[in-house]
Structure formats: C-alpha cells, structure tokens
Student: 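Below is one structure. I have some questions about it.
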Amino acid sequence: MTRMTAAQAAVAILRKEGVTHVFGLPGAAINPFYDAMRRDGALHHTLARHVEGAAHMAEGYTRTAPGNIGVCIGTSGPAGTDMVTGLYSASADSIPILCITGQAPVAKLHKEDFQAVDIASIAAPLTKMAVTVLEPAQVPGTFAKAFHLMRSGRPGPVLIDLPIDVQMAEI
C-alpha cells in the first residue's frame, strides 16, 4: 500500500476531483500542504496579496465554468478569519468553494496558543461543513465528503482546517 503524508493525500484528492487551480498565501502552518502541492506539480497556484482576496478569487474561478471548484488556501489564525467574507459571499450565492487553512498542532488547540483560532466554529454558520481534522487518517475521507457536500443539494462553501502535525503525518 502506498504511504504518503496527509498533505500529499489531500493534494491527490484535489487532483482526482478535477481541481487544476488554487489561490492562496503560504504561511508557517500551511507550508506542509504547499510543499505537497509543489512536489506534486499538477496544481497551478495563484499567489494572492491577501487571503480574503484568495477566497474571492476562488469564488470567481468557480463561476467561470460549470464544474469548476475554486480552492483557496491560507495559514492559521487571521488568515482563516480573513476568509470569512469570501465564505459568506459564496454561501449567499450558492457557490461551491473549498477553503483550506493551516492550524496549530493538535495538542495546542483550545489552549489560547498563538494563532490557534477555532476557525471551524467561526465558519460553521456560513458553510455546508467546517471541520478541523484531528487525525491524519481522516484527511482523505474529509476531503471526499467536502467535494460531495459542495456539489450536492444547494451548492455552497466548505472549510477544512488542517493542523500542521496532521498535514505532516504519514498515512
């Protein structure tokens, strides 16, 4: 059986789901995901000047052609909260976008650690699903569920929050 990091598995699922373009801004807590994208080489990344802009870019990309799913990526803390306006806009207009945020290590969650914002709770009212993945083995299923939810019923946004230790763990 093939072994890979959870971040590499997430990137492989993005490709399998037809994602070709992503929009975002790297930062410490999401850098393992960015490294997995770089190693994979199949996704075209557009660097945004601000994470809020990346969320709107993902929404605009989804609108350009049927079947597109815009993906925006940001690091932990303020980057996630900056995406909220884009999530609201996508939700109001039934636009499926996937927001991926980095997060502090699992052991630091809910302990007022630097930039360990509970973005899943903040984004929950605006999304079809907002989740912090706590176990590396849950990454593939969470991404598959996200794509199913974004496309089913009334389309809408999803947020997946990936703690840095989850991204780097081998599955």
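Because only heavy atoms are used, hydrogens play no part in the values below, and waters and symmetry mates are left out as well, while side chains stay in. As the structure is a prediction and not an experimental result, all values here were calculated from the model.
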Student: Evaluate the criterion side chain to side chain contact (heavy atoms under 4.5 Å, CB included) for residue pair Phe147 and Val19; output intermediate values, then yes/no.
Tutor: CA-CA 11 Å; Phe147 278 92; Val19 172; 3.8 Å; yes
Student: Does some side-chain heavy atom of Pro140 sit less than 4.5 Å from a side-chain heavy atom of Ile171?
Tutor: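 Result yes, sub-4.5 Å side-chain heavy-atom pair found.
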Student: Any link between Val71 and Ile30 through a network of hydrophobic side chains (Ile, Leu, Val, Met, Phe, Trp, Tyr) touching at under 4.5 Å?
Tutor: yes
Student: Looking only at heavy atoms, what is the nearest atom pair of Val139 and Ala10, with distance?
Tutor: CG1-CB, 3.9 Å
Student: If you group Ile, Leu, Val, Met, Phe, Trp and Tyr by side-chain heavy-atom gaps below 4.5 Å, do Ile69 and Leu159 land in one group?
Tutor: no
Student: Run the numbers on Val158 and Thr127 for side chain to side chain contact (heavy atoms under 4.5 Å, CB included), then give the verdict.
Tutor: CA-CA 5 Å; Val158 168; Thr127 60; 5.6 Å; no
Student: Going by heavy atoms in the side chains, are Ile119 and Thr81 under 4.5 Å from each other?
Tutor: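 Result yes, sub-4.5 Å side-chain heavy-atom pair found.
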Student: Cluster question for you: counting only ILVMFWY and a side-chain heavy-atom cut-off of under 4.5 Å, with indirect links fine, are Tyr88 and Met129 together?
Tutor: no
Student: Can you name the side chain to side chain contact (heavy atoms under 4.5 Å, CB included) partners of Thr20, sequence neighbours left out?
Tutor: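 Partners of Thr20 under the side chain to side chain contact (heavy atoms under 4.5 Å, CB included) test: Tyr61.
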Student: Using every non-hydrogen atom in the two residues, find where Ala7 and Pro32 come nearest and quote the distance to one decimal.
Tutor: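 For Ala7 and Pro32, the tightest heavy-atom pair comes out as CB-O, 3.8 Å.
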Student: Do you know which two heavy atoms are closest between Val11 and Ala36, and how far apart they sit?
Tutor: CG2-CB, 3.9 Å
Student: Quick test of your reading: applying side-chain hydrogen bond (donor to acceptor under 3.5 Å, both in side chains), list the pairs with at least one residue in residues 22-33, sequence neighbours left out, ordered by first then second residue.
Tutor: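 Listed by first then second residue: nothing to list.
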Student: Do Cys99 and Leu87 have side-chain heavy atoms sitting under 4.5 Å apart?
Tutor: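 The answer is yes, as the side chains (C-beta and beyond) meet within the 4.5 Å cut-off.
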Student: Tell me which pairs pass side-chain hydrogen bond (donor to acceptor under 3.5 Å, both in side chains) where either residue lies in residues 136-159, with sequence neighbours left out.
Tutor: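 Listed once each, the pairs are Glu17-Arg151, Ser94-Arg154.
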Student: Apply side chain to side chain contact (heavy atoms under 4.5 Å, CB included) to Ala169 and list each qualifying residue two or more places apart in sequence or on a separate chain.
Tutor: Pro136
Student: Considering non-hydrogen atoms only, spot the tightest contact between Gly156 and Lys128 and give its length.
Tutor: N-CD, 3.7 Å
Student: Keeping the roles fixed (side chain from Thr75, backbone from Ala29), state whether a donor-acceptor pair exists under 3.5 Å.
Tutor: yes
Student: State which residues pass side chain to side chain contact (heavy atoms under 4.5 Å, CB included) with Ala42; sequence neighbours excluded, sorted by chain then number.
Tutor: Arg15, Asp40
Student: Does Ser121 have any side-chain hydrogen bond (donor to acceptor under 3.5 Å, both in side chains) partners at least two apart in sequence or in another chain, and if so, which?
Tutor: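 Checked Ser121 against side-chain hydrogen bond (donor to acceptor under 3.5 Å, both in side chains); matches are Asp118.
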Student: With no hydrogens and no angle check, just 3.5 Å: does a side-chain donor-acceptor pair link Gln103 and Thr132?
Tutor: no
Student: When you look at Leu98 and Leu14, which way does the side chain to side chain contact (heavy atoms under 4.5 Å, CB included) test go after all the steps?
Tutor: CA-CA 10 Å; Leu98 176 60; Leu14 292 179; 3.8 Å; yes
Student: Please give me the minimum heavy-atom distance between Ala55 and Cys72, naming the atom from each residue.
Tutor: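 The pair with the smallest heavy-atom distance is CA-SG, 3.7 Å.
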Student: Run the side chain to side chain contact (heavy atoms under 4.5 Å, CB included) test against Ala48 and tell me which residues pass, sequence neighbours left out.
Tutor: Ala54, Met57
Student: Kindly state each residue pair satisfying salt bridge (charged side-chain N to carboxylate O under 4.0 Å, His left out) with at least one member in residues 84-104, sequence neighbours excluded.
Tutor: Arg63-Asp93
Student: Residues sharing Ile164's hydrophobic cluster, by side-chain heavy-atom contacts under 4.5 Å among ILVMFWY, directly or via others?
Tutor: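 Direct or chained contacts put Ile164 with Met168.
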Student: For Thr62 and Asn68, does a side-chain donor sit closer than 3.5 Å to a side-chain acceptor?
Tutor: no
Student: Given the rule that I, L, V, M, F, W and Y join up when any side-chain heavy atoms are under 4.5 Å apart, are Phe23 and Met37 in one cluster?
Tutor: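 As far as the 4.5 Å side-chain criterion goes, Met37 and Phe23 are not connected within one cluster.
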Student: Quick one: list whatever passes salt bridge (Lys or Arg N to Asp or Glu O under 4.0 Å) with Asp35, sequence neighbours left out.
Tutor: Arg38, Arg39
Student: Using side chain to side chain contact (heavy atoms under 4.5 Å, CB included) as the criterion, point out the one residue from Val22, Ile100, Thr5 that pairs with Phe33.
Tutor: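 One option only clears the test, and that one is Ile100.
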Student: Taking only residues two or more places apart in sequence, or in another chain, which ones meet Ser91 in a side-chain hydrogen bond (donor to acceptor under 3.5 Å, both in side chains)?
Tutor: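 Ser91 satisfies side-chain hydrogen bond (donor to acceptor under 3.5 Å, both in side chains) with no other residue.
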Student: Are Ile160 and Leu126 connected in the hydrophobic side-chain network, where two residues link if heavy atoms are under 4.5 Å apart?
Tutor: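 Shared cluster, no.
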Student: Would you compute the distance between atom CD of Glu59 and atom CD1 of Ile95 and round it to the nearest 0.5 angstrom?
Tutor: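 One gets 6.0 Å once the value is rounded to the nearest 0.5 Å.
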Student: With a 4.5 Å heavy-atom cut-off, do His56 and Thr85 have their side chains touching?
Tutor: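 Of all side-chain heavy-atom pairs linking Thr85 with His56, at least one is under 4.5 Å.
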Student: Leu25: which other cluster members, linking ILVMFWY side chains closer than 4.5 Å, directly or transitively?
Tutor: Leu47, Val51, Met83
Student: Evaluate the side chain to side chain contact (heavy atoms under 4.5 Å, CB included) criterion for residues Val166 and Leu134: first the C-alpha distance (whole Å), next the side-chain angles of each, then the deciding distance (0.1 Å), finally the verdict.
Tutor: CA-CA 7 Å; Val166 169; Leu134 301 176; 5.7 Å; no
Student: I'd like to know if the side chain of Asp82 and the backbone of His50 have a donor-acceptor N/O pair within less than 3.5 Å.
Tutor: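 No, the answer is negative, given that no donor and acceptor are paired below the 3.5 Å cut-off.
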Student: Looking at every non-hydrogen atom in both residues, tell me the closest pair between Ala104 and Leu109 and how far apart they are.
Tutor: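 Ala104 and Leu109 have their closest heavy atoms at O-CD2, 4.0 Å.
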